Each structure stands twice: as structure tokens, then as C-alpha cells.
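The structure appears right after this line, and notes come after that.
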Protein chains: 2
Amino acid sequence: MALQARPLRADAVRNRDSLLAAAKQVFGERGLDAPLEEIARRAGVSIGTLYNHFPTREAFFDAILPERLAALELIAEAAMADPDPWTGFTGFLEGLFALQAEDQSLNDALARRLSLSEEVRASCHRGFELAARVIERAKESGALRADFGVQDLPLLVSAMSQVIRESADAAPQAWRRCLSFFLDGLHR
Amino acid sequence: MALQARPLRADAVRNRDSLLAAAKQVFGERGLDAPLEEIARRAGVSIGTLYNHFPTREAFFDAILPERLAALELIAEAAMADPDPWTGFTGFLEGLFALQAEDQSLNDALARRLSLSEEVRASCHRGFELAARVIERAKESGALRADFGVQDLPLLVSAMSQVIRESADAAPQAWRRCLSFFLDGLHR
DNA sequence: CAAGAAATTGAGGTGACCCTCAACTTCTAA
DNA sequence: TTAGAAGTTGAGGGTCACCTCAATTTCTTG
């Protein structure tokens, strides 16, 4: 989009990179509501500099989340590559939730995508588009119940996001059990 | 327990009642993290008076939640009264989540019961004990898969709590669809 | 109707986080 | 090398919610 009229100064580039790295870490650990001051601290930069580079929390999201959300597309493609439509489908969900489990920022982003920027929403949407194909294929094969649709995915994501969040410390694998209940309910 | 040495003054009784009523309302609408100032405001009482009667947020919880959570026991008993163990079981879950859907304070309480007081935890526990019997009966009848247990209930509650919370405004019945997927996964 | 006990009040201190901006430092390009 | 543009800094002001306590009001009892 708006390409830099003047290139950034060398120290500014360094700071921007540190901020992005710190933001990925902090949001990944503590979710999208993590305090921005923690990011500045971890980047070794003052809070003023943080605001200079990223005037809003959403600016961070736009800079970080689309790239991360692209992983969704890889997972969906891998699912389509699976010769068995059903294991492709289950593999997709496992991949999706494993992603959410290992990065709180993705977990939050997918769960409350509605309240995020146009740009981030578009990234989620792209992933869900591909998911739609995985779902359609599984339905056509008869392995996935006919009344399940993409529109149900957000429901699943929302439900699982909470299980992942709550059990992250005590039982980081608990979401797998929960998912297996769901999958058994979806299988034909 | 500790019964009042001196009875409360008439105005104090009135204020205490207003506070409890306001707290039920406010927590019910906005969840257990609602600002206490809102409760004082709605009770028509100063913040100081609120703290005089309920020195901590937990004091409110102890005064409100056990009574509300007793509804769980009724629901479980109704489930046991159902001649069909499976519909008893599904009825129990529907009742439970309907309860969570109509009262955010219960939704929160059940989802994060671990971080609440001994007393509230005990109330949840009592409900879950009865649930265990509903679950056992359904398993023995062969209608509920054998590898499901009470220990899985918190998982379900946690998952559903989020769906309920998120869809409360936009699609207040969405949780029913989510539940039906689960139930199909649990049915034999 | 006192007088004293009980209860209420709300301004104000604390803390977490947000965000701004005037003064200062660092970089760059001539 | 140096002037001026670019970037950085962090104290400080704003918000919101928590919680306290000295001063004040209201109730109760003899």
C-alpha cells in the first residue's frame, strides 16, 4: 500500500523490528490484550517509540496477524491433499486448534475476529474460504454429516478457544479430547 | 454459621437487601467481573456502604452463587426422574446450559469455578455429583458412550460457556446447535 | 428526647494501563 | 564536519476500577 516516501532511518528500522518481534512474543504468550508497555520493555525501547511506529494496538495486529493466519491456508491445503476427505477434515481441525493452542494471539484473533480490523478479518476469511472446500469435500464423500457447514466453524472455534485458553497451563492436551467428542458428533 | 451477635439496624438490612438485589442483576447481566461501583449505584447506596456489607467481591459471590447454583440440583433431579436415561442426560445438559445462557454470573461461575471461593466451589461440586449419577445411568443404559465421564463435564462447560458468552447478543440460540453436535458425538 | 452506638458517605489515595508531546539525541547527506 | 531532519525519550495527564477512613448522619434504646 502506502510505500515509504523516505526510507526509515537505520535505527528506526532496528527499533521497528525489535517491536514486531517483541509483539509477536508477548501477544503469543498473553493474548491480544497484553499491555503494550510490556512489548516496549521487551523490545528495549521507550513507550513513545512504540507509539511512533504503531499508533494503535490494531496497527500491531495488522502487522502481525495476517502473516500468522496464512498458516491456516497451508493447513487447509494439506487437508485437501489428503486422499481421504474425512481424515483431511479432521486433520484440518486438529491443525487449526494446534495452531490456536501454541499461540494465544491466534486463539484470540480467531475467537473474536469480528471486533478486529478489516484487514485481519479478511485474513481469517481467506482461511475459512479454504476450509469451506475441505468441509464440502468431506460432506460429498458422505463422511461428514450433511447439515454441517462453514457457518458452524466459528462456533467450533469459539468453543475450542476457551478450552484451549483455560487448560493451557494445567492440561495442555485437553482440547484434543474435547475435539474428539465434536468429531464423533460430526462423523457419519 | 457466624450468626449476628447484635441484629442489623433497620436501614442496614434494607441496604444489604438492595445491594444483593443489585448484585444479582449486575452480575447476571455483565458477568462476575462487573464493576462493584455499578452495583452500589444501582442499589442507591454509596461505595463505602457496599464495602461495609461486602468487604470483597468474593463475599458477594458467596452470598449469591450457592443459591443460584442450587438450580443445578433441581435440573439433575429432573433428569433422574426421566424414565429414559439418554433423554434424561440430554435434558440435563440443556437445562444446565440454558441456565448459563440466562445468567452470566452462573456462566462465569461454572467456567472458572477453580478460581472461586471454597464455598462456591462446593456448590458447583454438589451439582456435579448429581450430574455424575445422570451420566452413570446413561452409560449403563448403553446410550452414552462408555469413555465419557464426569471429569469431561468441565470441558463441555468451558467450551459452551464461551459460545454462550459470544453469541448472547447476536444469536442467543446458537449454543443449542453447538450442543447438538456434542450430543451426537456422545450418543451410542 | 437525648446520647451513644451503628451505619453511611464520598473524596481521595493506589495501581494498571493508555496515550501525548516538548525536549533531547542520533543519524544522514551534503 | 556539521546542520537539520528524523527519531527517541519518559514524565505526566487521562481513565477506570479498586479500596479506605475521618467526618457525618441515622437509628435505637433507656
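Bear in mind the structure is a predicted one, so any value in this text is a computation, not a measurement.
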For chain A, the stretch of DNA chain D it reaches, first to last nucleotide, under 4.0 Å of its heavy atoms: dA5(D) to dA11(D)

Distance below 4.0 Å between His53(B) side-chain N/O and dA7(C) OP1 or OP2: no

Divergence of helical axes at both termini of the helix from dC1(C)-dG30(D) to dA30(C)-dT1(D) - five pairs an end, 10° steps: 10°

Under-4.0 Å salt bridge between Glu37(A) and Arg41(A): no

Heavy-atom neighbours of Glu67(B) CD exceed 12 at 6.0 Å: no

Polar side chain donor-acceptor pair, Ser117(A) to Asp62(A), under 3.5 angstrom: yes

Presence of Ser46(B) side-chain N/O under 4.0 Å of dT8(C) phosphate oxygens OP1/OP2: no

Electrostatic pair Arg133(A):Glu136(A) at N-O distance under 4.0 angstrom: no

Pairs satisfying ring pair (Phe, Tyr, Trp, His ring centres under 6.0 Å), at least one member in residues 93-146 of chain A, at least two apart: none

Sequence-aligned protein contact record of nucleotides 18-30 of chain C, with B where the base is within under 4.0 Å of a protein heavy atom and S where only the sugar-phosphate is: BBB-----BSS--

Phosphate-side-chain proximity, Asn52(B) and dT8(C), N/O vs OP1/OP2 below 4.0 Å: yes

Residues forming a side chain to side chain donor-acceptor pair (under 3.5 Å) with Gln151(A), sequence neighbours excluded: none

Asp33(B)/Arg112(B) ion pair, N-O < 4.0 Å: yes

Residues in side-chain contact (heavy atoms from CB on, under 4.5 Å) contact with Pro55(A), at least two apart in sequence or another chain: Ala59(A)

Aromatic plane relationship, His187(A) with Trp86(A) - under 30° parallel, 30 to 60° tilted, over 60° perpendicular: parallel

Ring geometry between Phe27(A) and Phe61(A) (parallel below 30°, tilted from 30 to 60°, perpendicular above 60°): perpendicular

